[in-house]
Amino acid sequence: MSRLSTYLLPTLRDDPADAEALSHRLMVRAGLIRQIGAGLWTWLPAGNRVVRKVERIIREEMDAIGGQEMLMPVLQPAELWRRSGRYDIEELMKLDDRKGAPHVLAMTHEEAVTYHVAREVRSYRELPMLLYQLQVKERDEPRPRAGVLRTREFTMKDAYSFDRDEEGLERSYEANRRAYARIFDRCGLRWYECESDVGMMGGSGAHEYMAPCPAGENEVALAPGYAANVEVAKAEPQPVELPDPLPEPKEVSTPGLTTVEEVSGALGVPAGALIKALPVIVDGRGMVLVLVRGDHRLNEVKLRNALGAGFRQATPEEIAEEIGPAGFIGPVGADVPIIKDAAITGAGYACGANKPDAHLIGVEPGRDFSFEELDVRVVEAGDRTPDGHEITIEPAIEVGNIFKLGTRYSEPFGATYLDEEGVERPIVMGCYGIGPARIVAAAVEQHADEKGIVWPRALAPWDVVVVPLGKAGDETHTEAERLYEELASADVEVLLDDRAAGAGEKLTDAELVGCPLRVVIGRRGLAEGKLEAQERRTGKEHEIPLADAAQAVREILAGIE
RNA sequence: CGGGCUAUGGCGCAGUCUGGUCAGCGCGCUCGGCUGGGGGCCGAGAGGCCGCAGGUUCAAAUCCUGCUAGCCCGACCA
């Protein structure tokens, strides 16, 4: 029963002072969520209804591809995480029980699920298998932010596939991709499946599901037929006009000019005609000089993946010792390995001369220095895909990800099976995550207008809000009560605003909360035997007969997505 | 973890620089009445160890020290 007079739906007239992101502001104002600590949020009843709708869609689609729902504990013995080598992750919440035994609060459930499968599954006949759960995850985030977008505790749908071999994994992976497409479509999101970084965990492939919206923390490079996280995006660079080449590099005086802007300005060349030299210290390998075009930025994820090792920026002291004065570093004459970004092509570049207050012009890679060529730059808006489409870059929320784990967990946990020949083999795994809270936030961001939330029908806390405008006990309330009962008994999800509040307050709240259809019952309409229904998204108004109101409402709803 | 900001009734804020007539405003809430199609009006109320702990002072929301919590930017994000 959803009667607003006694329902915990605390709407706010003003934005909360500490909220910036649109979804954060609206979800708090519409009474969906409240904060209890940094990155710790309570779903109030209306918000909980929305989350449950998302979860239901997820369950239906996971079940449809053969997923088996289970539930694993959040509190786990540290031993499991020691075995996988993940115990030392900083974000992992650690605690001891009363006996002093170390435990963790799980941030995902690879360890737990693999532990079980290792003990219970023995034969190729039992595979493939897809297990999933909707369970809380705990992460000691360094910086929770934007309401429900990045929290320390959140529910995740995490699924794990178990296959005999890579081919099987491929099939499982594809099945999950199809399920994800249906899930995000049904939730009414605008979304992209992106190539993503496989991260330090290795693995043979990964996709992220990105919902573009202003509050997004990730950046996605988009073009017709192309979508990739900028962390891994590749593209054709925009051309740059290089000065005429010289037969050999020539030193020019650039006193005190250390930035790309200063040097390109002084030389009268575009920033892209400079070579930016970035000295880094690679784990176990010492200093390497990385070169990118002056108008480009180094992509640290790409570089790390290309190196197969971590790295850090060199300190000015290290740079001075190995190459020259920071601010005037260049590849010519530098006695360290050089990695040149693939966007540096042609000749006539300017770069640091490795001595104070001097740069070189007319530099030509290959002729003037040797290098290893890699793609290590950040793709920029305006770059093009290989088939010539211009790339745009949009912020996006990561609402899901899928990942080919391989045997990363099955090996340490001894999750093996016997194949047809009786040979013991490691099970090949994949994992598949979705954050329902992020779906909700993304839906709010993507569909809101200046009046408030505009829910996609599939996520709306209620389909209809019935709003009597008169005072309690008058005919607008009796008619509203009657319609409410009729709709409820016809399984329409309906909210009745039976509060003793003014018309303005009720109408404003209805818009803020954003149910797809609002039915207003006022004396004016009742006099003519009519009610007014208005669609939230389009603002389209319907006059409906009082006599047949419930049926009319259901017909209008049928046309709303 | 670096940088910035904030903490005063349920919410949004003023007051802090310049210590004392400083416990204030708007909204909300309670009671009574009016109004009843866009947060309306009148009247009467309730509600606060001014984030916490020390210190300075005759006197601290206000000055000093320490701490805690939250927000934003960055780093990080298996």
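Chain naming here is simple, since letters A, B, ... match the order of the sequence lines and numbering starts at 1 in each.
- Rounded to whole Å, atom C1' of rG4(B) lies 16 Å from atom CG of D18(A).
- As the counterpart of rU18(B), no nucleotide is assigned, since no Watson-Crick or G-U wobble pattern has both distances under 3.5 Å.
- Remark: P of rG28(B) and CZ of R13(A) are 6 Å apart, rounded to the nearest angstrom.
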Under 3.5 Å, sequence neighbours excluded: what are the donor-acceptor pairs made by side chains of residues 519-530 of chain A?
from: K530(A); atom 1: NZ; to: E543(A); atom 2: OE1; distance (Å): 3.2

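- With rounding to the nearest 0.5 Å, the separation of CZ in R499(A) from NE2 in H477(A) is 10.5 Å.
- Base contact: G522(A) has a heavy atom under 4.0 Å from a base atom.
- Nucleotide rG74(B) forms a pair with rC1(B), judged by Watson-Crick or G-U wobble geometry with both contacts under 3.5 Å.
- Applying the Watson-Crick and G-U wobble criteria (two distances, each under 3.5 Å), rG36(B) pairs with nothing in any strand.
- Counting non-hydrogen atoms under 4.0 angstrom, L12(A) reaches nothing in the nucleic acid.
- Backbone-only contact: Q35(A) has heavy atoms under 4.0 Å from sugar-phosphate atoms and none from a base.
- Counting non-hydrogen atoms under 4.0 angstrom, G37(A) reaches the backbone sugars and phosphates but no base.
- Residue R139(A) is classed as having no contact, given no heavy-atom separation below 4.0 Å to the nucleic acid.
- A donor-acceptor pair is defined here as one N or O able to donate and one able to accept, closer than 3.5 Å; such a pair exists between the side chain of D449(A) and the backbone of G452(A).
- Across the strands present, rC29(B) finds its partner in rG45(B); the criterion is a Watson-Crick or G-U wobble pair with both atom distances under 3.5 angstrom.
- If you take NE2 of H24(A) and P of rC71(B), they are 7 Å apart, rounded to a whole angstrom.
- Remark: H296(A) pairs with no residue by the ring-ring contact (aromatic ring centres under 6.0 Å, His included) rule, at least two apart or across chains.
- At the heavy-atom level, A146(A) lies under 4.0 Å from the strands shown only through sugar-phosphate atoms.
- At the heavy-atom level, A501(A) lies under 4.0 Å from base atoms of the strands shown.
- Pairing partner, rU65(B): rA53(B), with both Watson-Crick or wobble hydrogen-bond distances short of 3.5 Å.
- With values rounded to the nearest 0.5 angstrom, L507(A) atom CG is found 5.5 Å from L469(A) atom CG.
- Using a 4.0 Å heavy-atom cutoff across all strands shown, E511(A) reaches at least one base atom of the nucleic acid.
- Using a 4.0 Å heavy-atom distance criterion, D474(A) is classed as making no nucleic acid contact.
- As rounded to whole Å, 10 Å separates atom C1' of rG39(B) from atom CZ of R499(A).
- Between Y132(A) and Y160(A), the ring center distance fails the sub-6.0 Å criterion.
- Across all strands, R25(A) comes closer than 4.0 Å to no nucleic acid atom at all (heavy-atom distances).
- When both pairing distances are held under 3.5 Å, rC13(B) makes a Watson-Crick or G-U pair with rG24(B).
- No hydrogens or angles were tested; on distance alone, nothing pairs the side chain of E505(A) with the base of rG38(B) as donor and acceptor under 3.5 Å.
- The side chain of R145(A) contributes an N or O atom lying less than 4.0 Å from OP1 or OP2 of rC73(B).
- Between E20(A) atom CD and rC71(B) atom P there is a gap of 11 Å when expressed in whole angstrom units.
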